[in-house]
Structure formats: C-alpha cells, structure tokens
Amino acid sequence: EVQFVESGGGLVQAGGSLRLSCAASGFSFDDYGIGWFRQVPGKVREAVSFISSIDESPYYADSVKGRFTISSEKVRNTVFLQMNNLKQEETAVYYCAVGDQEAWIEKVMTGQGVIAHWGQGTQVTVVS
C-alpha cells in the first residue's frame, strides 16, 4: 500500500511563502516522478511541478516558474515544494502524487497520463 505524509499547507498572505513536503512510501517504480498537483473547486486538477527520480530534473507549470522550487531527498522518497510570492488565485488543495515518469511526462504534455498514486491533499489558502 502506498502511503503519503503531506505537510506544510496553511494560510498565508499574498506575496508570502509556504513550503510543502511529502514523504511517499510503499511504491515500486524503477523510474518515477514525484510532485504536486493543485485543484480549485470546480476546476480541473492542474500539474504544478514534478521531479524525476532519474536525474532530479524538474518540471514547472508556466504559471509558477521563477516562484516555486521543487527538490527531493531521493533516499527518503520525499519531495518539497517551496512556494514564494504566492497569489490569491493559487488558493487550492495541493496533492502530492507519484507515478511512472512517462505518465508524468504524458500528463503535463497532453493531459492524458495517469498518475498512479495520490496523497490526501493539503489546503493552501492565500489571502489579501
């Protein structure tokens, strides 16, 4: 059974920062991606960022480039998302997810990939 321990969500003022963390265990992929999606009620879940287990190369959605930084501790299957200069419209539930790297690539490129495992989500609320 795949398990996730997510933390770091909360309430922050616009322009502020939060750091999300996610420790995943119990999965078995040779090459995997681990990262974050976010979802606003009534909207499609959006891929925010993921990092590759092969070379730790990161992917970022255009909307967060230059403000968010993803990093990982591969040995502990833990991923972090440093979010700076947060905007009100980034209020959402942020979900940690892990899956085959090819699925992540397909997901961010075409929207069609299926990411195998999801955490329970952590709320991020950005207020003015």
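Because the structure is predicted, anything quoted here is derived from the model rather than measured.
Between Ser17 and Met83, the closest side-chain pair of non-hydrogen atoms is not below 4.5 Å. Here the side chains of Cys22 and Thr78 are not in contact, with every heavy-atom distance at 4.5 Å or above.
For Tyr32, the ring-ring contact (aromatic ring centres under 6.0 Å, His included) partners two or more places apart in sequence, or in a different chain, are Phe27. For Ser21, the side-chain contact (heavy atoms from CB on, under 4.5 Å) partners are Ser7, Phe80, not counting sequence neighbours.
Taking each heavy atom of Val40 and Ala92 in turn, the nearest pair found is CG2-CB, 3.9 Å. When every heavy atom of Thr91 is checked against every heavy atom of Val126, the shortest pair comes out as OG1-N, 2.8 Å. Closest of all the heavy-atom pairs between Ile115 and Ala97 is CG2-CB, 3.7 Å. In terms of heavy-atom proximity, Gly121 sits nearest to Val93 at CA-CG1, 3.8 Å. The two residues Val124 and Gly9 have their closest heavy-atom pair at CG2-CA, 4.2 Å. Closest of all the heavy-atom pairs between Glu46 and Ala61 is OE2-CB, 4.3 Å.
Judged purely by distance below 3.5 Å, without hydrogens or angles, the side chains of Ser53 and Asp31 never pair a donor atom with an acceptor atom.
Applying the salt bridge (charged side-chain N to carboxylate O under 4.0 Å, His left out) definition to pairs two or more places apart or across chains, none involves residues 99-110. Sorted pairs that involve residues 1-25 and meet ring pair (Phe, Tyr, Trp, His ring centres under 6.0 Å), not counting sequence neighbours, are lacking altogether. Residue pairs meeting the salt bridge (charged side-chain N to carboxylate O under 4.0 Å, His left out) criterion with at least one partner in residues 88-97, sequence neighbours excluded, are Arg38-Glu90, Arg67-Glu90. Listed by first then second residue, pairs satisfying ring pair (Phe, Tyr, Trp, His ring centres under 6.0 Å) with a partner in residues 35-79 read Phe37-Trp104, Phe37-Trp118, Phe50-Tyr59, Phe50-Trp104, not counting sequence neighbours.
In this structure, the separation between CD1 on Ile70 and CG on Leu81 is 6.0 Å, given to the nearest 0.5 Å. Rounded to the nearest 0.5 Å, atoms CD1 (Ile34) and NE2 (His117) are 11.0 Å apart. Distance check, rounded to the nearest 0.5 Å: CG of Asn84 to CZ of Arg19 gives 11.0 Å. Atoms CG and CG, from Leu11 and Leu18 in turn, are 8.5 Å apart once rounded to the nearest 0.5 Å.
In the hydrophobic clustering of ILVMFWY residues, with side-chain heavy atoms under 4.5 Å counting as a link, Ile51 and Val2 come out together.
Within a 6.0 Å radius of CD in Glu73, more than 12 heavy atoms belonging to other residues, nucleotides or ligands are found.
A donor-acceptor pair under 3.5 Å is absent between the side-chain atoms of Glu56 and the main chain of Ser71, judged by distance alone. With hydrogens and angles ignored, the 3.5 Å screen pairs a side-chain donor or acceptor of Glu6 with a backbone N or O of Cys96.
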